[in-house]
Peer 1: 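The following block contains the structure, expressed as structure tokens.
If you read the sequence from its start, that first residue is 1, and numbering goes on from there.
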Amino acid sequence: MKIKSRSGVDAFALTGQGPGARFAPLRTLSDLFGKRWMEGAVPLTLAVVLSVIVWGTTPVGGVDVPLILDEATEKGLLAIGLTVVLVGGGIDLSVGSIVGLASLGAMVASRAWNWPMALVVPATIVAGAGLGAVNGFLIARLKMRPFITTLVTLVAFGGAAAALQSSYSFELGLPKDDLVWDFLGEGTVAGIPTGWFIFLVVLVVVHVGLTRSRWGWWVMAVGSDRRSARRNGIPVDRVTFCVYLLSGALAGTAGLLTAARLGRTDADVGQGWELVALTAVVLGGVSLKGGRGSVLRATVGILVVGVILQATVALGLEGSYYTAILAAVLLLFAILDLKWGKYRERTAEKLKIDPGRITLGPLVDVTEPGTVWTINNRLTDAPTIGLGKIEGAEDCAVDPAGNLYCGDRRGWIWRFAGPDHAEGEIFARTGGLPLGHAWDREGRLVVAVGGMGVYRIHPDGETELVANKVRRSRLSLLDDSGLRAVDDLDVAPDGSLYVSDFSARYNAAEYMVELVESRPNGRVVRVDPDGGTEVVASNLVFPNGMCTAHDGQSVLLASTTLCRVDRLWIAGPKQGQLEPVLENLPGHPDNINRASDGNYWMAFVSMRTPMSDLLVKYPAFRRRMTQEVPLDSWVVPQLNVSCVLKFDERGQVLKVLWDSTLANYPMVTSINERAGRLYLCGVNNNRVGRLTLDPEDVGPIDPAAVPGTAGAARPLAEVER
């Protein structure tokens, strides 16, 4: 499926609002709060602000940058490892002791045991990984608690480092020149200090692994919900073991770099580094609850911690001040993480619906006698099809053989054999909500399936995806590329499909939200015969009916909330223009279909009332209603209505048919003409109606045939697979 660049008509002017109405500030905040990267955005922003304040109010300057980066390199490796552990739902307090033990081990192996550096370097990293594996085994295999386990190993590894220092104190004091030590401590790679280069490589590799690999997704899944992860086949124990293994390996690498940079080591190296690393990741917005975090944000956090450390040194403060400051910052940001994580999603949900203002014209009184709108009972006695079998046929299509095909809210496509339609069978299963139906040039049935996209139904009942995506808007916070709310479609003479997508934000099942919000979230999408998609009209308010005009050069588009029908020119000298056809209708239009006499049939899904007209003027009231009243009690236009009208090319209403009793057809959402009969569908009805038309309403045109093409439509059974 090809996705073309977004273009087309901007239909915002149809709302009658000024440019400022394009923006929905509350909804924009909701979209921002709902983004995954916002989980750590507030803590990270405050951390950067804290760093700027420290930089501006202390003697820290540009000359201190290399020192800050040196500290950030080694402690940053710990922060990266700790980030992965926290994202996986654990915690590792032993990283500082692993650094000390690995640093001492590297120096002992080099100076006391005379190992070659080609062996010392990998052995140190492997030793760190081995110490991390001890934590992983105890936690993943023996099911010990991460906090207690790593607290115990913090003490144990620290004791081992002290014992190693005591055993080899003399050998450790003997200097030993080595090119590898010099390279690790003072060398460069492409002009970048070796330590910095190693840190950058690790940062990129771990970031990509955590965000773009299956293993990274597993880690996040385990940290979010271990039980669900296990039920979905994720090897939870193996993932948990691996994150501690990685944390230990990075701590071992940090110990190696520390020993090389300092040229010496002792048992106090790494002491308290776990507090530094933990503060850094919390400053960077990594959640202590697991399941979310970024090593990039943790890197920013470690730089902030480095600035704070350098500020205490520049001010001549004792090390205890630095520890106290880190503890206070850690406590503050841990509380912030808890509160922000708790209220972010709740706030986003409250701000999600941000209604717009609509102003409609004077309300037409349909109860006034002697007008074209006068209520009658023309639809009341129409015979029923599929009574009790169908659940909500939004639309239907009838082939030349008289076979009726209609949707069902359960995702089915029914077929009722003509001409009496007595027998019905489930012809196809779409898996979504079948809404608009039409015949393409080859006589195949195409269906707009709410929640899934546009599908083609073959003669054997097999479904084929035609299109389900468009190119995402560049400035959209939400992913609006999916065709989730397609509700009607028709075929143009060149074989392309014109599809109305009533919302780029909500799914088809959330139509009530779209009705209440009344914002220009809808669009018209053109689907080429090869499956390529292009947005040809945007910023429409609930587009809910699509019909190719008889001349084949334009399509008629019903905007339900705006109570109007417009013509979108798709060919000829007016191509790309919108012009009104019907305005200020007394009801909310739904599907439109061609009539055999050159006119058009259209249904009203609901009728305007003085209350509904008043409500669309007050968005604040509607917003509060959505927050305090259950959805079933929302005040919306009168949905139980049975009204069908015929109009001509100039927008003149010729005839209106009603079922005033609402007994048989309480809601009509679509009408289709075939062989002198009018088929009535309703999204809430359990039947399809079949009304015999007056001879004056029947003409020579085949309404099912694509305008501008030769020949009549063919029965679906005769179409080649």
Side-chain angles (χ1 to χ4, degrees), residues 372-373 376-386 390 392-399 402 404-407 414 416 418 421 434-439 447-448 487-490 500 544-550 555-558 560 565 581-582 585 587-607 639-648 653-660 662 664-685 687-694 696-699 701-705 713:
V372 69
W373 296 105
N376 54 60
N377 292 319
R378 288 291 310 280
L379 304 180
T380 303
D381 297 328
T384 61
I385 300 171
I390 303 171
E394 157 76 4
D395 193 13
C396 69
V398 186
D399 68 16
L404 171 74
Y405 299 83
C406 66
W414 285 90
F416 292 89
H421 308 107
L435 297 175
H437 296 57
W439 302 105
V447 182
D487 52 14
D488 198 14
L489 78 172
D490 208 349
S500 58
N544 193 20
M546 180 68 62
C547 174
T548 304
H550 286 284
V555 293
L556 301 182
L557 175 65
T560 297
V565 176
V581 177
L582 289 167
L585 291 165
H588 298 88
D590 205 320
N591 287 12
I592 308 173
N593 284 292
R594 292 179 296 277
S596 61
D597 60 358
N599 296 309
Y600 302 92
W601 294 104
M602 184 174 69
F604 281 155
V605 66
S606 58
M607 299 301 295
L639 291 176
N640 289 332
V641 64
S642 175
C643 181
V644 172
L645 63 111
K646 176 186 277 192
F647 64 95
D648 61 18
V653 178
L654 305 175
K655 179 175 292 188
V656 181
L657 312 178
W658 298 80
D659 175 10
S660 64
L662 300 180
N664 293 328
Y665 306 103
M667 177 183 287
V668 178
T669 55
S670 178
I671 61 278
N672 276 272
E673 182 184 341
R674 164 62 68 180
R677 292 173 172 175
L678 199 62
Y679 294 87
L680 315 172
C681 296
V683 72
N684 285 341
N685 297 347
R687 68 198 75 185
V688 171
R690 185 183 62 200
L691 177 70
T692 300
L693 291 172
D694 295 335
E696 64 187 40
D697 289 321
V698 181
I701 300 173
D702 181 1

Peer 1: Any non-hydrogen side-chain atom of Leu680 less than 4.5 Å from a side-chain atom of Asn685?
Peer 2: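 Contact flag for Leu680/Asn685 side chains = no.
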Peer 1: Quick check for you: to the nearest 0.5 Å, what is the distance between Met607 atom CE and Leu585 atom CG?
Peer 2: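 The CE atom of Met607 sits 9.0 Å away from the CG atom of Leu585.
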Peer 1: Checking Thr548 side chain against Asp490 main chain: does a donor-acceptor pair fall under 3.5 Å?
Peer 2: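 No, the answer is negative, given that no donor and acceptor are paired below the 3.5 Å cut-off.
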Peer 1: Looking only at heavy atoms, what is the nearest atom pair of Val653 and Val372, with distance?
Peer 2: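 Where Val653 meets Val372 most closely, the heavy atoms are O-CG2, 3.9 Å.
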Peer 1: Decide yes or no for Lys655 and Leu645: does some side-chain heavy atom of the first lie under 4.5 Å from some side-chain heavy atom of the second?
Peer 2: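 SC-SC contact between Lys655 and Leu645 ruled out.
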Peer 1: Which heavy atom of Gly407 sits nearest a heavy atom of Trp414, and at what distance?
Peer 2: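 In this case the closest contact between Gly407 and Trp414 is O-CD1, 4.5 Å.
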Peer 1: Would Arg674 and Asp702 count as a salt bridge (charged side-chain N to carboxylate O under 4.0 Å, His left out) here? Give the steps.
Peer 2: CA-CA 8 Å; Arg674 164 62 68 180; Asp702 181 1; 3.1 Å; yes
Peer 1: Got a second to check how far Ile385's CD1 is from Cys396's SG, nearest 0.5 Å?
Peer 2: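 That separation rounds to 8.0 Å.
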Peer 1: With under 30° as parallel and over 60° as perpendicular, where do the rings of Trp373 and Phe604 fit, or are they tilted in between?
Peer 2: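 Parallel.
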Peer 1: For Phe416 and Cys406, which heavy atoms make the closest approach, and how far apart are they?
Peer 2: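 Heavy atoms only, the tightest pair is CE1-SG, 4.1 Å.
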Peer 1: With side chains defined as the heavy atoms from C-beta onward, is the minimum distance between Leu678 and Leu657 less than 4.5 Å?
Peer 2: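 Side-chain contact under 4.5 Å: yes.
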Peer 1: Would you find a donor on one side and an acceptor on the other, under 3.5 Å apart, between the side chain of Ser660 and the backbone of Asn377?
Peer 2: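 No: the side chain of Ser660 does not pair with the backbone of Asn377.
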Peer 1: Would you name the heavy atoms of His437 and Asp488 that are closest together and state the gap between them?
Peer 2: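 Answer, listing the atom of His437 first, then Asp488: N-OD1, 4.3 Å.
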Peer 1: Can you tell me how far the CE atom of Met546 sits from the CG atom of Leu556, to the nearest 0.5 Å?
Peer 2: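 Result: 9.0 Å between the selected atoms.
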Peer 1: Is any side-chain heavy atom of Leu404 closer than 4.5 Å to a side-chain heavy atom of Arg677?
Peer 2: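 Sidechains of Arg677 and Leu404: no contact.
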Peer 1: CG of Asp697 to CG of Leu691: how many Å apart, nearest 0.5 Å?
Peer 2: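 Those atoms lie 9.0 Å apart.
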Peer 1: For the rings on Tyr679 and Trp601, is their centre-to-centre separation under 6.0 Å?
Peer 2: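 That pair fails the under 6.0 Å test.
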Peer 1: For Val644 versus Leu379, what's the shortest heavy-atom pair and its separation?
Peer 2: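 Between these two residues, the closest heavy atoms are CG2-CD1, 3.9 Å.
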Peer 1: Contact between Glu394 and Asn591 at the side-chain level, heavy atoms closer than 4.5 Å - yes or no?
Peer 2: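 Contact flag for Glu394/Asn591 side chains = yes.
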Peer 1: Do you see a donor-acceptor pair shorter than 3.5 Å between the side chains of Asn544 and Thr560?
Peer 2: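 On atom types as modelled, these side chains qualify, holding a pair under 3.5 Å.
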Peer 1: Any side-chain donor paired with an acceptor under 3.5 Å for Asn672 and Asp395?
Peer 2: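 The answer is yes; a qualifying pair exists.
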Peer 1: For a 4.5 angstrom cut-off between non-hydrogen side-chain atoms, does Asp590 reach Ser670?
Peer 2: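 No, their side chains stay 4.5 Å or more apart.
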Peer 1: Closer than 3.5 angstrom, by distance alone: can the side chain of Tyr600 be matched with the main-chain N or O of His550 as a donor-acceptor pair?
Peer 2: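 Present.
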Peer 1: List the atom of Pro589, the atom of Met602, and the distance in Å for their closest heavy-atom pair.
Peer 2: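 Result for this residue pair: CB-SD, 3.5 Å.
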Peer 1: So that I can tick it off, tell me whether Glu673 and Lys646 are bridged by a salt bridge, with the cut-off set at under 4.0 angstrom between side-chain N and carboxylate O.
Peer 2: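 Salt bridge absent between Lys646 and Glu673.
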Peer 1: Starting at SG of Cys681, measure out to CD1 of Ile671 and round the result to the nearest 0.5 Å.
Peer 2: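 CD1 of Ile671 is found 9.0 Å from SG of Cys681.
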Peer 1: State, without any angle test, whether Asn599 and Asp648 hold a side-chain donor-acceptor pair at a distance under 3.5 Å.
Peer 2: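 No.
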Peer 1: Do the side chain of Arg594 and the main chain of Cys547 share a donor and acceptor less than 3.5 angstrom apart?
Peer 2: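 No.
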